[in-house]
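Proteins get letters first, then strands, A, B, ... in listed order; numbering begins at 1 in each.
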Amino acid sequence: MRVRFAPSPTGYLHIGGVRTALFNWLFARHYGGQFILRIEDTDEKRFVADATDDISASLRWVGLDWDEGPDVGGPHGPYVQSQRQALGIYQQHSEQLLEAGWAYMSFTSEEELAELRAASEARGHKAFRFRGPERDWPLEQQREVAASGKPYTIRLKLPLEGETRFSDLVRGGSEIVVQHEQLQDIVLIKKSGMPVYHFAHLVDDHLMGVTHILRAEEWVPSTPYHVVLYQAFGWQVPVFAHLPVILRQDGKGKLSKRKDDVATNRFWERGYLPEALFNYLALQGWSYDDKTEIMSRDELVSRFSIERVQASGARWNPEKLRDLNGIYIRKLSAAALAEQIEPFMVQAGLLSNPPSADEQAYLLRLVPLVHERLEELSQAPELLDFFFQAVRPGPEGYDPALLIPKKLDAAQTLSMLRAAHGALNIVEDWQSAKLEAALRDLSERLQVKVGPLFGTVRVAVSGRSVAPPLFDMLAALGREQTLSRLSLAAAALA
RNA sequence: GCCCCCAUAGUCUAGUGGCCUAGGACGUCACCCUUUCAAGGUGAAGAUCGCGGGUUCGAAUCCCGCUGGGGGUACCA
């Protein structure tokens with residue numbers, strides 16, 4: 001079994017493209033087939049030079065590899081269509097169709113076509129199905145006009161009558177039937193000589209021995225053309241499986257580059273783990289059973305089956321992705337998480353670039369404090385910044401009013417802070433359990449509940465009311481910083 | 001407009017004629033744990049299985065129609 005992912009380098013790789021690639025990859029790995037990457041750069045107008053690199057890098061980041069492709073080579077290369085075009089592959093095959101009477105040279109220009117289309121619409125016919133007059137000319141006549149220098153395209157000579165049918169693995173094998181009167185003579189070769197998708201992908205799929213075509217649902221309407229073309233060549237029609245589109249969050253249309261944050265290369269900087277994205281994407285349009293959701297790459301490979309792919313579209317659900325990402329973050333070891341977080345800390349200016357060994361050690365020490373509070377790696381700096389920056393009450397810092405617990409006043413808070421300073425100051429062994437004992441003891445002596453006391457200390461030390469567990473925090477912060485921050489807080493209330 | 005596809009809670013889904021008083025997850029809410037926030041645990045609300053007809057002893061599951069949603073309609077992919 002051989003499958004492929006064939007993106008066109010018109011920009012960064014869309015997350016929906018990754019899902020398509022992922023299903024192809026899972027299919028190939030599950031059945032022990034080959035997964036091919038092929039670059040379809042036949043659109044000269046939309047070509048983006050570094051898009052191919054982005055596609056490769058994005059796929060690799062998510063954890064996909066390919067058996068044959070532009071950078072790894074293979075027996076059916078080259079794997080870039082512009083290079084195949086230079087070899088004359090498409091020209092040779094279109095010639096074959098021309099000779100066999102399955103295609104013809106069309107001399108109708110784009111301008112004329114636009115006029116015809118407009119006129120058709122003006123007459124109330126919204127469906128414009130073009131069939132060039134040359135479809136009935138002898139091939140020699142077509143060649144003569146072409147020889148005169150008139151630009152032309154090569155179009156499929158679609159049978160006027162009849163219908164074309166094909167089945168789809170995702171849609172339970174029931175046949176999709178399309179009447180030929182609904183179809184038109186599509187362009188196969190542009191006037192530039194470059195093939196169009198419908199032609200190029202098909203020739204390549206055949207030449208590369210692709211057996212199964214897993215692609216997005218938006219290709220269903222053009223599949224009849226492809227089937228006709230396979231028949232015209234006398235080639236075996238591959239098995240089709242059209243994957244459901246990923247819909248926008250509001251359900252209005254498919255994910256779009258313009259309206260949604262779908263650049264694969266941005267998920268890293270947004271704090272997502274590739275394993276989480278991989279797992280999430282596998283669940284967009286596919287499921288294993290009624291319970292299992294968290295699955296490793298290996299588990300996904302062994303469990304994947306095309307029969308369980310959903311036919312209906314799946315909405316993009318960022319909250320679910322976040323949840324999954326949190327689960328995968330919690331699976332990381334402290335050291336691994338520290339390593340993942342480091343770039344974000346550097347980026348935020350909390351660590352030097354590159355970080356010193358001391359900084360790295362300190363970060364590793366802090367990681368357990370935020371480990372299970374992280375849903376995105378990018379949240380780390382905001383959760384940890386006060387360990388690296390001065391914390392003070394006032395205009396440049398936190399609001400001193402935060403220090404005062406409910407039902408208490410400034411004077412009471414002040415004495416609490418002073419007492420806390422005193423109690424902590426005499427702790428000899430600066431570690432979490434000892435610090436906790438000291439403050440619990442203080443709460444009893446002061447006849448103050450633990451909540452307000454700890455809360456005030458938390459604000460004094462972190463500048464916020466929501467923070468990691470207090471005593472681990474104090475222990476990591478150190479005696480000097482803790483005591484000075486308590487003094488600063490007390491001064492603000494004095 | 002025309003063609004094609006799809007249709008279970010707000011979302012992702014399980015379910016392929018009786019195990020369904022429709023299961024799981026995200027999200028929401030409550031409680032427990034608890035120094036805050038998380039995590040974890042327990043529980044709740046939330047679906048007349050889009051609607052209407054059939055077929056059948058029996059339908060979320062099969063058939064038809066309708067409605068709704070999505071996709072396509074380029075010398076783009």
Side-chain angles (χ1 to χ4, degrees), chain A residues 6-10 40-46 106 108-110 113-114 117 121 124-130 151-155 168 170-172 176-179 181-184 186-192 194-198 200-201 215-224 242 244-245 247 249 251-254 280 283-294 308 310-324 326-327 330 370-375 383 436 439-440 443 449-459 462 464-471:
Chain A
S8 72
T10 55
E40 309 216 324
D41 56 346
T42 52
D43 186 343
E44 301 114 309
K45 296 189 186 86
R46 293 196 302 157
S106 171
T108 307
S109 69
E110 288 171 84
L113 216 43
R117 192 172 284 123
E121 272 183 44
H125 299 291
K126 282 222 168 179
F128 177 70
R129 304 188 220 289
F130 184 73
Y152 64 92
T153 60
I154 296 178
R155 286 181 182 269
D168 185 312
V170 173
R171 270 145 269 269
I176 295 171
V177 184
V178 178
Q179 301 300 318
E181 60 187 26
Q182 301 295 340
L183 270 22
Q184 61 175 337
I186 53 162
V187 168
L188 265 22
I189 304 285
K190 307 178 201 180
K191 98 183 152 209
S192 65
M194 195 63 108
V196 132
Y197 168 85
H198 301 296
H201 94 275
R215 77 225 304 188
E217 193 188 346
E218 54 247 30
W219 294 107
V220 171
S222 49
T223 303
H242 288 95
V245 289
L247 269 15
Q249 227 184 125
K252 298 200 187 304
K254 49 180 186 176
Y280 174 75
L283 261 18
Q284 290 276 288
W286 175 84
S287 64
Y288 175 59
D289 60 12
D290 60 337
K291 302 233 160 59
T292 321
E293 288 195 333
I294 310 301
R308 292 192 63 86
Q310 192 90 2
S312 52
R315 286 200 203 185
W316 183 250
N317 187 346
E319 287 176 332
K320 180 84 176 181
L321 208 209
R322 272 177 67 94
D323 178 66
L324 236 37
I327 290 172
R330 272 171 255 133
V370 294
H371 203 143
E372 64 191 22
R373 272 155 261 263
L374 244 34
E375 272 191 315
L383 256 33
E436 177 163 5
L439 284 195
R440 285 200 184 275
S443 97
K449 282 192 177 165
V450 124
L453 204 219
F454 292 2
T456 299
V457 175
R458 176 179 303 108
V459 172
S462 68
R464 62 190 67 175
S465 52
V466 174
L470 185 60
F471 303 103

Exercise for the section: Mind checking the CZ-CG spacing from R464(A) to L383(A)? Nearest 0.5 Å is all I need. Expected result: 7.0 Å
Handout entry: G15(B) OP1/OP2 closer than 4.0 Å to side-chain N/O of R308(A)
Key = yes
Problem - Polar side chain donor-acceptor pair, R155(A) to T108(A), under 3.5 angstrom - result: no
Problem - Any R155(A) side-chain N or O less than 4.0 Å from OP1/OP2 of C75(B) - result: yes
Exercise for the section: Between G15(B) and G24(B), how far apart are the C1' atoms? Round to whole Å, please. Expected result: 12 Å
Practice task
Provide the distance between the two P atoms, one in A30(B) and one in G68(B), to the nearest whole Å.
Solution key: 38 Å
Exercise for the section: Give one of base, sugar-phosphate or nothing for S465(A), where a contact means two heavy atoms less than 4.0 Å apart. Expected result: base
Problem - Any K291(A) side-chain nitrogen or oxygen under 4.0 Å from OP1 or OP2 of A25(B) - result: no
Practice task
Could you check whether P468(A) gets within reach of a base, just the sugar-phosphate, or nothing at all, counting any heavy atom under 4.0 Å?
Solution key: base
Exercise for the section: Establish, from distance only, whether the side-chain atoms of E44(A) and S192(A) form a donor-acceptor pair under 3.5 Å. Expected result: yes
Handout entry: Euclidean distance for C1', U56(B) against C63(B) (whole angstrom)
Key = 12 Å
Problem - R458(A) side-chain N/O to U35(B) phosphate OP1/OP2 under 4.0 Å - result: no
Problem - Backbone N/O of R458(A) and side chain of S462(A): donor-acceptor pair under 3.5 Å - result: yes
Practice task
Give one of base, sugar-phosphate or nothing for E40(A), where a contact means two heavy atoms less than 4.0 Å apart.
Solution key: sugar-phosphate
Practice task
Under 4.0 Å between any heavy atoms, over every strand shown, what does R129(A) touch: base, sugar-phosphate, or nothing? Just pick one.
Solution key: sugar-phosphate
Problem - Atom C1', compared across A9(B) and A45(B): separation rounded to whole Å - result: 11 Å
Exercise for the section: Look through every strand shown and name the nucleotide pairing with G40(B) as Watson-Crick or G-U wobble, where both distances are under 3.5 Å. Expected result: C32(B)
Exercise for the section: Indicate, with a heavy-atom threshold strictly under 4.0 Å, whether W219(A) touches base, sugar-phosphate, or nothing. Expected result: base
Exercise for the section: Go through the N and O atoms of the side chain of R373(A) and the base of C37(B), and report whether any donor-acceptor pair is under 3.5 Å. Expected result: yes
Practice task
Let me know the distance between CH2 of W286(A) and P of G24(B), rounded to the nearest Å.
Solution key: 19 Å
Exercise for the section: Kindly say if Q310(A) contacts the phosphate of A14(B), meaning a side-chain N or O under 4.0 Å from OP1 or OP2. Expected result: yes
Practice task
Return yes if the base of C5(B) and the side-chain atoms of R171(A) contain a donor-acceptor N/O pair under 3.5 Å, otherwise no.
Solution key: no
Practice task
Whole angstrom is fine here: how far is it from CG in D168(A) over to P in C6(B)?
Solution key: 9 Å
Practice task
For K449(A), report the nucleic acid contact type (base, sugar-phosphate, nothing); a contact means any heavy atom under 4.0 Å.
Solution key: nothing
Exercise for the section: Scan Y288(A) against the nucleic acid and name what it touches under 4.0 Å (heavy atoms): base, sugar-phosphate only, or nothing. Expected result: nothing
Problem - Nearest to side-chain heavy atoms of V196(A), which nucleotide of C76(B), C4(B), A14(B) - result: C76(B)
Exercise for the section: Please determine if a side-chain N or O atom of S287(A) lies less than 4.0 Å away from the OP1 or OP2 oxygen of A14(B). Expected result: yes
Exercise for the section: Using the P atoms only, state how far G46(B) lies from G18(B), rounded to an integer number of Å. Expected result: 27 Å
Completion exercise
Among the nucleotides A74(B), U35(B), U13(B), whichever has the atom closest to the side chain of Q184(A) is A74(B)
Exercise for the section: Using both distances under 3.5 Å as the test, list the Watson-Crick or G-U wobble partner of U73(B), or none. Expected result: G1(B)
Handout entry: Atom C1', compared across C32(B) and U16(B): separation rounded to whole Å
Key = 41 Å
Handout entry: Distance in angstrom units between D290(A) CG and C19(B) P, rounded
Key = 15 Å
Problem - Phosphate-side-chain proximity, S109(A) and C75(B), N/O vs OP1/OP2 below 4.0 Å - result: no
Problem - Among Q182(A), E181(A), Q184(A), the one residue meeting side chain to side chain donor-acceptor pair (under 3.5 Å) with R129(A) - result: Q182(A)
Exercise for the section: Figure out the CG/P separation between L188(A) and C76(B), and round it to whole Å. Expected result: 12 Å
Completion exercise
Interatomic distance, CZ@F454(A) vs CG@L470(A), rounded to 0.5 Å, equals 6.5 Å
Problem - Of V177(A) and L283(A), the one whose closest RNA chain B nucleotide lies more 5' - result: V177(A)
Exercise for the section: Quick one: look up who A7(B) pairs with, Watson-Crick or G-U, both distances under 3.5 Å, and put none if it's unpaired. Expected result: U67(B)
Exercise for the section: Provide the distance between the two C1' atoms, one in A25(B) and one in A14(B), to the nearest whole Å. Expected result: 11 Å
Problem - Interatomic distance, Y197(A) OH vs A74(B) P [rounded to whole Å] - result: 17 Å
Practice task
Return the nearest nucleotide to the side chain of L470(A); candidates are C75(B), U35(B), C37(B).
Solution key: U35(B)
Problem - H242(A) NE2 to G70(B) C1', straight-line distance once rounded to whole Å - result: 15 Å
Handout entry: Side-chain touch L439(A)/V457(A), heavy atoms, less than 4.5 angstrom
Key = yes
Fill in the blank from the handout: Rounded to whole Å, CD of E218(A) lies from C1' of A74(B) at a distance of 15 Å
Handout entry: Side-chain donor/acceptor contact of E293(A) with base of G24(B) under 3.5 Å
Key = yes
Handout entry: Proximal nucleotide (of G24(B), G70(B), C75(B)) relative to the L247(A) side chain
Key = G70(B)
Exercise for the section: May I ask you to say what S462(A) touches in the nucleic acid, namely base, sugar-phosphate or nothing, with a heavy-atom cut-off under 4.0 Å? Expected result: nothing
Exercise for the section: Using only side-chain N and O atoms of K190(A), determine if any of them is under 4.0 Å from OP1 or OP2 of A74(B). Expected result: no
Problem - Sugar-phosphate, base or nothing in reach of A314(A), heavy atoms under 4.0 Å - result: sugar-phosphate
Practice task
State which of G40(B), A14(B), C5(B) makes the closest approach to the side chain of I176(A).
Solution key: C5(B)
Problem - Base partner of A45(B), which must satisfy Watson-Crick or wobble distances under 3.5 Å - result: none
Problem - Any K254(A) side-chain N or O less than 4.0 Å from OP1/OP2 of C6(B) - result: no
Practice task
Please check if any side-chain donor atom of H242(A) sits under 3.5 Å from a side-chain acceptor atom of R215(A), or the reverse.
Solution key: yes
Exercise for the section: Would you indicate whether F471(A), at its atom CZ, is surrounded by more than 12 heavy atoms from other residues, nucleotides or ligands within a distance under 6.0 Å? Expected result: yes
Handout entry: Side chain of R330(A) (C-beta onward), nearest among U35(B), G70(B), G40(B)
Key = G40(B)
Exercise for the section: Check every atom of U35(B), C75(B), A25(B) against the side chain of V450(A) and return the nucleotide holding the closest atom. Expected result: U35(B)
Problem - R46(A) side-chain N/O to A77(B) phosphate OP1/OP2 under 4.0 Å - result: no
Practice task
Looking at every strand, decide which applies to G326(A) at a 4.0 Å heavy-atom threshold: base, sugar-phosphate, or nothing.
Solution key: nothing
Practice task
Could you tell me whether P224(A) contacts a base, only the sugar-phosphate backbone, or nothing, with contacts defined as non-hydrogen atoms closer than 4.0 Å?
Solution key: nothing
Exercise for the section: Report yes or no: do T42(A) and H201(A) form a side-chain donor-acceptor pair below 3.5 Å? Expected result: no
Practice task
Take Q284(A) and G251(A), find for each the nucleotide of RNA chain B with the closest heavy atom, and name the residue whose nucleotide sits nearer the 5' end.
Solution key: Q284(A)
Handout entry: Between C64(B) and A7(B) - P atom distance, rounded Å
Key = 14 Å
